[in-house]
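Below, chains carry the letters A, B, ... as their sequence lines are ordered, and counting in each starts from 1.
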Amino acid sequence: MSPTIPITLLSGYLGAGKTTILNHVLSTDHGLRVTVLVNDFGKINIDAGLIKNATGDTIELTNGCVCCTVGDDLGAALTALNETLPRPDHVLIEASGVTNPARVAMHSGHWPGFHLCRIIVAADAETVIRRSQDKYVGALIETQIAAANIIVLTKPDLVGKEVASETCVWLTKRNPQASIFQAIHGTLPTGMFFENHSPVFPHLAQADGLSPGVFDSALWCPTRPVDLRKMGAIIEAMPLSIQRVKGTVIDRNTKAAVLVQAVGNRFQTTAGSPQARLGLAVISRGDPEAAKWLSTLLDTC
Amino acid sequence: MSEIVVYLAKTIRTMVRSMPVATAVAVRDGQIIEVGSLETLQPWLQNHPHRIDDQFQHHILMPGFIDPHLHPTLGAILMPCHFVTAMEWVLPDRIAPATTTPEDYILRLGDLERGLADPDEVLISWGYHRIWHGDVTREVLNAISTTRPIFIWQRSFHEIIANDAAITWMGTARKDLEKHPQIDVETGRFYETGMALAVQSMNRILMQPARFTKGLELVKQVIHLGGHTTIGELAYPLVDDGLEWQLLQAALERDDVPFRMKIINRGALRGAWESDVEKDLARISKVEERAGKRLVMGNGVKLFADGGFFAELMQMRAPGFIDGHHGEWLMAPEALEAHARAFWHAGKQIHVHCTGDLGVDLALDILDRLQAEKPRFNHRFTIEHFGVSSPEQVRRIADLGAIVSANVYYLHELGEAYWQHSIGFERASQMARLGTLKANGVTFALHSDFTMAPALPLNSAWVAVNRIAESGKVLCPEECITCDDAMRAITIDAAYILGMEDQIGSIQSGKSADFTVLEQDPYEVAPENIRDIPIWGTVFEGEPFALKR
């Protein structure tokens, strides 16, 4: 009996940045066969170079992702997915802006062949608080926030550090169990979407081994091949507020792509994928300057 | 040019204020030449070959009834199902009697099952309603048959109940059914998202092309049975234009079809509510280019604010629902507004599905802004369904020049249920406040949204005039309208909602010769008897079409 396929639900109101996040997921090398179900391809922006094959309602990418449009019948789309071979490792569903994530979670998470992994809700730093008081959508916004395992605060750069912080506090009050990430341009560690833990339901356990709270996420991009020894030394000395570093760089010595990972202070390298986008995702907590500080040091590698 | 045919009738209710009653109407080549009496028609008759047709001399003629909002494709899916219902449903191929007790429900279902000719037929029965029929469970259905799969579909599509044979037939792994929080395998109940799983299996039957085609034939008969000569498909396509257009053309573009259907295109397709409106405009332009005789195009587009009324998903203003649940938006307010704006500037007639008073608020807020940007007269912005609203909103509708197409049948079937279990007496009893519309001079039509209500204009008119709920109790008589108001709402004002008032809706010189032929006069019978008036049939574009008996 084959195991059920995990589903991650990406929810959040219109304009909260779901598509930007999806574009990031679709162009990142996470090494997983992920099928992304979207409402329409219109806003999806994928580098032509990453497209392996495209038909009317399906786009296959070089990184193993498949992006499909779902019409009106999510159940039918899931049944079809369950019957394709090879089966996807993970399914990411983009919910529409006005959807109650708990309902889609109930629908898809119990569909034969699937289980719900987590619910991610995008919240726009510029508008979420105001929208939560709107007479038309206020109740919907509160419902969406309450259903999240992970809340992604998008466009924090457009409101400044103070407002972004206050908004995170506001979000935490509304959903004390959720982990909160700030993300610019949809940049997030994709592990957060796909790391496979036992099935979670809204309001229950933590995602990804991260305790609830507010996290900062940054992306460091190398401009040239790196000195791995120097990089390892920097990472092993980095402050505890930096919880995770992960991504692909080119080794200056071998010119090969290397996958770099650090959890806490443990630094590991493994063979990387030549097609992967270069860059390291940095996650920190409680110290917004830490990621910037690390980036400056990494520039010297 | 053919000869003139003069139909004589006991009474002709023209729906024209200037000549409300007549006794003869002259028709030629599908068009009304003149209406009046045999005497007043003489100048025409003396100068043109004609014949007198007195087959209706003991009947009442009215303008052909118009239902501006129903969905033949949805009807085609439901019609081939078996009906065991709390209310009587008069259908073309059978009459489903009113089944009002749990015992009778089981008896009827049992009779049905035993009477099925095909031993392999999967029995799908629609109309179950707990309040009347009690608790029907897997075990109860097993007692009817242990071998034949039986699916019971709740009247408002809230749940499906299945017997063991049906559960097996579904083919879904038992563990998947057992672990689903909205499936109770013990009682055989599939509800909310659990129902989707049952429906997916049932679609193997419901969506069979031959069955669908047969369903469409039944829908045609249903429409004729109601006395309609024009209907409006108020959200085309249901899912797939390519397929649905072919099926509709094949079924409707025929000389033996006694009605026309106006197509109102969806402003955004289902599942693509947040789409790029430029794409929708292009799609709609293409469909509007299609010219047909019975499939008629126009200038209307359909958008959606809040969820379904029968599903209690309307968006309500404070104090909301008794149980505190929230309704849903089908389109995000910004998406609805962006679409409405583009269609408004393109000069289209916009119809918005609004079931709760907060949905009405949103539609009116949007209309207010659009009017400020680009004032339009005669824009015909239509609030569709009009479940719950306030008197102040009706004034605003009047102020903004909007009009209403109302599903007054909601009051009859849901008025008491929603009083007790949904929103309370005050707002439930006042739902579909037609009296207030009339008092504020807002043009309105009645519709059925078949299959949500029976496709019977006289039945809808009966609800509008009497406001009688399921139990016989009258709910909010202050919102009753007169018989004349109700007749207008199923003829000339319904034509107005569809933008076709120049061609149909009243018996008047130059209009299409569309009549509904009645055995009794709605203006003469007791108001409680309006819905019982027998219909002889219709005249469509000058040609009589008797109802088959």
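Between atom NZ of residue B/K179 and atom NE2 of residue A/H115 there is a gap of 9.5 Å, rounded to the nearest 0.5 Å. Here the CG atom belonging to A/D73 is positioned 7.5 Å from the CG atom belonging to B/N203, to the nearest 0.5 angstrom. The CG atom of A/D72 sits 12.0 Å away from the CG atom of B/D240 when rounded to the nearest 0.5 Å. Within the model, atoms CD of B/Q200 and CG of A/L78 stand 9.0 Å from one another, a figure rounded to the nearest 0.5 Å.
Smallest separation of non-hydrogen atoms from B/A332 and A/L14: CB-CD2, 3.8 Å. Taking each heavy atom of B/P333 and A/Y136 in turn, the nearest pair found is CG-CB, 4.2 Å. Heavy atoms only, all atoms of each residue included: A/A139 and B/H326 are closest at CB-CE1, 3.4 Å. Considering every non-hydrogen atom in both B/D176 and A/P112, the closest pair reads OD2-CB, 3.2 Å.
Contacts of B/L330 with chain A are made by backbone atoms alone, with heavy-atom separations under 4.5 Å and no side-chain atom involved. Residue B/A196 touches chain A through both its backbone and its side chain, counting heavy-atom pairs closer than 4.5 Å.
Heavy atoms of other residues, nucleotides or ligands lying less than 6.0 angstrom from NE2 of A/H185 number 12 at most. Atom CZ of B/R369 has more than 12 heavy atoms from other residues, nucleotides or ligands within 6.0 Å.
Legend: residues meeting ring pair (Phe, Tyr, Trp, His ring centres under 6.0 Å) with A/F114, ordered by chain and number and at least two apart, are absent.
Taking 4.5 Å as the limit, every side-chain heavy atom of B/E192 sits out of range of all side-chain heavy atoms of A/M106. Side-chain contact check for A/V98 versus B/E328: every heavy-atom pair is 4.5 Å or farther apart. The closest side-chain heavy-atom distance from A/H110 to B/T193 is not below 4.5 Å. Here the side chains of B/D365 and A/K135 are in contact, with some heavy-atom distance below 4.5 Å.
Contacts from residues 19-28 of chain A to chain B, taken as heavy-atom pairs separated by less than 4.5 Å, involve no residues at all.
Using a 4.0 Å cut-off between charged side-chain N and carboxylate O, A/R131 and B/E334 make a salt bridge.
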